[in-house]
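Note on naming: letters A, B, ... go to the chains in the order of the sequence lines (proteins, then strands), and numbering restarts at 1 for each one.
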There are 2 protein chains.
Amino acid sequence: MLTPKLLIADDHILFNEGVRQLLSEKYEVVGQVYDGKDVLSAIHLKKTDVILLDINLPSINGFDLAKEIKRAFDTVKIIFLSMYTEPRFIEQSKFLEVNGYLLKNSTKEELIEGIESVLRGETYYDTKLQFTKISLHHNDFFVKQYSLTPREIEIVRMIKDGMSTSQIAEKLFLGQETVKTHRKNIYYKLSITKSTELIKFAIENNI
Amino acid sequence: MLTPKLLIADDHILFNEGVRQLLSEKYEVVGQVYDGKDVLSAIHLKKTDVILLDINLPSINGFDLAKEIKRAFDTVKIIFLSMYTEPRFIEQSKFLEVNGYLLKNSTKEELIEGIESVLRGETYYDTKLQFTKISLHHNDFFVKQYSLTPREIEIVRMIKDGMSTSQIAEKLFLGQETVKTHRKNIYYKLSITKSTELIKFAIENNI
DNA sequence: TGTACAATCCCCCAAAAGGGGTATTTTTTG
DNA sequence: CAAAAAATACCCCTTTTGGGGGATTGTACA
C-alpha cells in the first residue's frame, strides 16, 4: 500500500502542527485545517484516506462534519481525536459509525495503532473507553439532545445565564406557568431533575 | 547565549510531544512532564530556563505550581500555555507575576516570539488577550477562590455532583442547617446568589 | 384534512433554596 | 495561651423549583 494520506482537523494550531510532525514520518499529511467549515473542501481537494477530526471545532462541530463526510466521501475513514471521555460522546460516535475514537492524551504509539487499525478496516476506540458499552438505546442521548425545540433551547440558555423562571417569563413576554412547563419538558427530555444538572448539560454540550 | 533550556508540562501527551518537536530545532527541551506533581522534581533535575506550563494539570494545577516554582527556583521563567482566555485566568497570572501567557491555538511563530520575549526579561501576554487590563482589584478572584475553606470546597463539589442540601447533610453526618450555612457562606464569598451560578463557577475552576 | 407537535397557560402541592440573623464548639495558628 | 478561623447548629420567613395533572391555540406536514 502507498503511504496512507492523512488530514488533520483541529483548531489548536500547536496541537495540529504537533500531530503532523509526529505522524509525518509514517504518513503523508495532505492537509491541516483549523476550522470546521474548511474540512469538506480540504477532503475534496486532496485525496484523503483518514481524517483525524476534533469534535470541538469552530463553525461546524465534529459530529455534524462526520455525518457530512460519510455522506459525501464514503471511503474516508474518520477518527475522532478528542479530549472528551464522556460516554455520550462515545455513544454518539458509535451511532454515527465513526471508524475510531482516540484521546488527545494518547501517546504517539497509541495514535499510530489506532490509525493502523482503522486502515485495516477495523473500528478502533481508545482502550481507556472500554467501559462505554454500546448501549441498547445508544441513540437516547442523540434523540434527547436534538429533540429540544428552539424555544426550549432558548430557555436552557437563559437558565444557564442565571435567570430565574420569572425573569425568563418577563423577558420573553410569557406567563411564568409557560416557562415552568418548558422547564418541566426540558427536564423530562434530558432525564434530569434539577437546574444544576441542566447547567452541566448546557456547558458540556455548548448550548 | 547557549541554547535556552525548555521544560514542557502538559498532560496531553500528543500536544506535549508536538510542542517538543516544534521547538526542538531552536531550543533544548530538557524535560517533558505530564503531571503537576512531577514538575518541581523535573526542574530540580535539569537546569531549566523556561517552563511552558499548562494550567489544567493532574495532581497540582498550574497556578499552585507557579507559586511553588517562583519560591523554589526564582530564575526560572514561567509561561502559561493554556486554552483558556478567561479574564480571571489572565488576572491571576498577572497577580502571580508569571512571565508569560500563551494560548494553545497559537502558531509556532507566536510561541517562539513569546519565549524569546520572556528570555529577554520581558513579560509576554498573548496579543489576543490585550482586552484584559490589570484590574484595580485584580486579586478579587484570587481571594474569592482561595478563601473557600476545605469544607466549603467539599460541599461545592457535592452540589456540583447534583446533591441537595439534605443529601449532603446526610452524607457528611451534619444537620441540614449546617450545610445551609456553608452554602450561604460560599455564595457570599463568590458573590453569587444561586446554585446554577455555583455550578458554572465550579466547572470553570475545575473544582 | 386531520394529527402530531410546538407553544402557550392554568391548578395544586411539596420540597428546596435563598436571605437575614445569632450562637456554640473545635481547630488552627501567631 | 489568646485570638482568629472553621465548623457546627438553630430561628424565621420568602421565593423558587420541582412534580402531578390538564387544556387551548396554532401550524406544519403528510
> So do B:Lys104 and B:Asp54 actually touch side chain to side chain, heavy atoms under 4.5 Å?
Replying inline: yes

>> Distance check, rounded to the nearest 0.5 Å: B:Leu23 atom CG versus B:Leu111 atom CG?
In response: 5.0 Å

> B:Ile159 has an atom CD1; how far is it from atom P of D:dT17, in whole Å?
Replying inline: 16 Å

>> Can you measure B:Lys194 atom NZ to C:dG19 atom P for me and round it to whole angstrom units?
In response: 9 Å

> Between B:Arg157 and B:Glu154, does a salt bridge (Lys or Arg N to Asp or Glu O under 4.0 Å) hold up when you go through it step by step?
Replying inline: CA-CA 5 Å; B:Arg157 292 213 178 93; B:Glu154 190 178 9; over 6 Å; no

> What's the CD1-C1' distance between B:Ile192 and C:dG19, to the nearest Å?
Replying inline: 14 Å

> So, B:Arg71 and B:Glu68, do they make that salt bridge, N to O below 4.0 Å?
Replying inline: yes

>> If I take atom CD1 in residue B:Ile155 and atom P in nucleotide D:dA7, what distance separates them, rounded to the nearest angstrom?
In response: 8 Å

> Going by heavy atoms in the side chains, are B:Leu40 and B:His44 under 4.5 Å from each other?
Replying inline: no

> Who passes salt bridge (Lys or Arg N to Asp or Glu O under 4.0 Å) against B:Glu197, sequence neighbours left out?
Replying inline: none

> Which residues, if any, of residues 166-173 of chain B bring a heavy atom under 4.0 Å of DNA chain D?
Replying inline: none

> Between atom CD in B:Glu152 and atom P in D:dA7, what is the gap in whole Å?
Replying inline: 6 Å

> Taking CZ from B:Arg151 and C1' from D:dA5, how many angstroms apart are they, rounded to a whole number?
Replying inline: 15 Å

> At how many degrees, to 10°, do the end axes of the helix from C:dT1-D:dA30 to C:dG30-D:dC1 meet when each uses five pairs?
Replying inline: 60°

>> By the side-chain hydrogen bond (donor to acceptor under 3.5 Å, both in side chains) test, which pairs, at least two apart or in different chains, include something from residues 34-43 of chain A?
In response: A:Asp35-A:Ser59

> In whole angstroms, how far is the P atom of C:dA16 from the CE atom of B:Met163?
Replying inline: 13 Å

>> For A:Val98 versus A:Phe80, what's the shortest heavy-atom pair and its separation?
In response: CG2-CE1, 3.6 Å

> Taking atom CD of B:Gln32 and atom CG of B:Leu7, what is their separation to the nearest 0.5 Å?
Replying inline: 9.0 Å

> Can you list, by residue number, the residues of residues 177-188 of chain B that have a non-hydrogen atom closer than 4.0 angstrom to DNA chain C?
Replying inline: B:Lys180, B:Arg183, B:Lys184, B:Tyr187

>> Without decimals, in angstroms, what is the distance between B:Leu174 CG and D:dA6 P?
In response: 17 Å

> Reckon A:Thr165 has a side-chain N or O less than 4.0 Å from the OP1 or OP2 of D:dT16?
Replying inline: no

Throw together a table of side-chain donor-acceptor distances under 3.5 angstrom for residues 164-172 of chain A, partners on residues two or more places apart or in other chains.
from	atom 1	to	atom 2	distance (Å)
A:Ser164	OG	A:Ser166	OG	3.1
A:Ser164	OG	A:Gln167	N	3.3
A:Thr165	OG1	A:Arg183	NH1	2.9
A:Gln167	OE1	A:Ser164	N	2.8

>> Please give me the minimum heavy-atom distance between A:Ile78 and A:Ala66, naming the atom from each residue.
In response: CD1-O, 3.7 Å

